[in-house]
Number of protein chains: 2
Amino acid sequence: MRTHERVLAQIEADLRSGKWGLGERLPGERALAEQLGVSRPSVREAIRILEAMGIVRTAVGSGPTSGATVIDRPAAGLGAAVRLHVASGTLAVSDVVATRTLLESWAAREAATRIGAPDATEPPVPAAEHQYLDEAWRLLGAMDDPGLSVAEFIERDQDFHLQLARMAGNQLVEAIMTGMRSAVGSYVTAGAERLPTWGTTAARLSAEHRTILDAIGSGDADTAEKLVREHIQGFYRETGLDGT
Amino acid sequence: MRTHERVLAQIEADLRSGKWGLGERLPGERALAEQLGVSRPSVREAIRILEAMGIVRTAVGSGPTSGATVIDRPAAGLGAAVRLHVASGTLAVSDVVATRTLLESWAAREAATRIGAPDATEPPVPAAEHQYLDEAWRLLGAMDDPGLSVAEFIERDQDFHLQLARMAGNQLVEAIMTGMRSAVGSYVTAGAERLPTWGTTAARLSAEHRTILDAIGSGDADTAEKLVREHIQGFYRETGLDGT
DNA sequence: TAGCCCATGTGGACCGACCACAGGTAGGAT
DNA sequence: ATCCTACCTGTGGTCGGTCCACATGGGCTA
């Protein structure tokens, strides 16, 4: 096993054992190198990987915010992986779109179910779903601004859709959605900008968003799932990003 | 922007432009460093990330297999990201299980649909689905060996389930499934080994596998999806990995 | 002609140094 | 006593160079 892999394995074991929790700082690179009996470059390579995976963030300087801090950004690693493989041609954008449709229509169903029948088994955040729902409505209002550029509209649209994923309460699904967003966001914006009738499309998307939120808010899982699927598929078909 | 990030961005751009395709080799670390006007450690850090993401593989020595070669292992990066975040406590195993259930039941539906109504729009691999189906049946036969240990059985079980995902023809879904497998495989094996009545469970799983393959083979999408969902949920409920 | 051996190119690992940066702190000015 | 400034210190960022292990392949030798 290569040196940086040993370092990585050690840090992963320490994470698993709870030695370092969220928000805490790893020892400095020099200290870590000495503790593990390896050189500083090897430690740095391991930390680079952790950083790319969204496990830590690094900062120079001194004080409590400097050094390598444990964070929780699963979407960073997932997004980078998807983005790089789309770049290399391994992953087709159409596959990403299909996966997004799948995950998000499921999320809508799940969200509607949770809203409709509040799960009493989650005491820490009893009304979290409604909080997310309110935030979604707020984002929806922000999209009505006629002065928005295409890119700005898409930005808010993605925020809205991310909010839907969040309502399902599955962090992995949320992370995958966020990752895919960062991976293919530029393709989506480019596709939207090519549309000659963008104004019409934007209005239709907003209207659909409202029907989706209504369905979720009233706990109608079947309708919510169906609407989301048609909403996403319709947009990608229109922009030609669905692989056809 | 940090130096290794510039290197990474450059390589990603080159990948996107098709400068280096699958199976080709990147220039050597020394050459790359000189071309980009950076030091070798910076190049190495960038390559480390690409390696962790499953974009390249590195090998020492000389000859055509040495150096950094472009590969396509999206599951490597996705798996590492999921595994590390499970280790750090960000992602719950139950969320991973839920996501797996979601993706795989969709894959079963998709596979059955494809088998039932062969898609003539994919000329390169006309009978790929049937090929995968045959392979799945073969794996199923290998699981009947009564001399298998729990770990060996689970290993084949995961291969079987991966085969299902493959039949859906979505590389991202397949990669996510593979990644999740590597991320939580040890939890699954540990859970299975705790079961007092493993022999009974194994026999039931095998029987369910057969009904699933039958449903897919006959193009019955609804049944295939339902069976897979119940199959997975049943197993995780039995082993207590579903979060309850 | 067959076999061996070493030149060569590759990544792997390390060392030591210097830099930029941000906090914290001690000192001086008011 | 208070505030401000200048410096000290610890942090990651970057670099150049060195040496090593390894695998190949071609040239040399028997």
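Just so we're on the same page: letters track the sequence lines, and every chain starts at 1.
Interface limits on DNA chain D: the 5'-most and 3'-most nucleotides within less than 4.0 Å of chain A heavy atoms are dG10(D) to dT14(D).
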Protein-nucleic acid N or O pairs under 3.5 Å, nucleotides 9-16 of chain C:
from    : atom 1 : to       : atom 2 : distance (Å)
dG9(C)  : N2     : Gly61(B) : O      : 3.3
dG9(C)  : N2     : Ser62(B) : N      : 3.3
dT10(C) : O4'    : Gly61(B) : O      : 3.4
dT10(C) : O2     : Gly61(B) : N      : 3.4
dG11(C) : OP2    : Glu29(B) : N      : 3.2
dG11(C) : N7     : Arg30(B) : NH1    : 3.1
dG11(C) : N7     : Arg30(B) : NH2    : 3.4
dG11(C) : O6     : Arg30(B) : NH2    : 3.0
dG12(C) : OP1    : Arg2(A)  : NH1    : 2.7
dG12(C) : OP1    : Thr58(B) : OG1    : 3.4
dG12(C) : OP2    : Arg44(B) : NH1    : 3.3
dG12(C) : OP2    : Arg48(B) : NH2    : 3.3
dG12(C) : N7     : Arg40(B) : NH2    : 2.9
dG12(C) : O6     : Arg40(B) : NH1    : 3.3
dA13(C) : OP1    : Thr3(A)  : N      : 2.6
dA13(C) : OP1    : Thr3(A)  : OG1    : 2.8
dA13(C) : O5'    : Thr3(A)  : OG1    : 3.3
dC14(C) : OP2    : Ser39(A) : N      : 3.2
dC14(C) : OP2    : Ser39(A) : OG     : 2.9
dC14(C) : OP2    : Ser42(A) : OG     : 2.8
dC14(C) : O5'    : Ser39(A) : OG     : 3.4

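Residues meeting the salt bridge (charged side-chain N to carboxylate O under 4.0 Å, His left out) test with Glu5(A), sequence neighbours left out: Arg2(A). Under the ring pair (Phe, Tyr, Trp, His ring centres under 6.0 Å) criterion, Phe153(A) pairs with Trp198(A), not counting sequence neighbours. When the salt bridge (charged side-chain N to carboxylate O under 4.0 Å, His left out) test is applied to Arg73(A), no partner is found at least two apart in sequence or on another chain. With sequence neighbours excluded, no residue forms a side-chain hydrogen bond (donor to acceptor under 3.5 Å, both in side chains) with Ser17(B). Not counting sequence neighbours, Tyr236(B) has no partner by the ring pair (Phe, Tyr, Trp, His ring centres under 6.0 Å) test. Remark: Glu193(A) pairs with no residue by the side-chain hydrogen bond (donor to acceptor under 3.5 Å, both in side chains) rule, at least two apart or across chains.
The salt bridge (Lys or Arg N to Asp or Glu O under 4.0 Å) contacts involving residues 177-191 of chain A comprise Glu155(A)-Arg181(A), Asp159(A)-Arg181(A), where partners must be two or more places apart or lie in separate chains. Under the salt bridge (Lys or Arg N to Asp or Glu O under 4.0 Å) criterion, the residue pairs touching residues 76-93 of chain A are Arg83(A)-Glu12(B), with sequence neighbours excluded. Applying the salt bridge (Lys or Arg N to Asp or Glu O under 4.0 Å) test to residues at least two apart or on different chains, the pairs with a partner in residues 27-43 of chain B are Glu29(B)-Arg40(B), Glu29(B)-Arg44(B).
The pair Arg138(B)-Glu135(B) counts as a salt bridge, with a side-chain nitrogen and a carboxylate oxygen less than 4.0 angstrom apart.
Where the helix from dT1(C)-dA30(D) to dT30(C)-dA1(D) starts and where it ends, the local axes point in directions that differ by 20°; five pairs per end, rounded to 10°.
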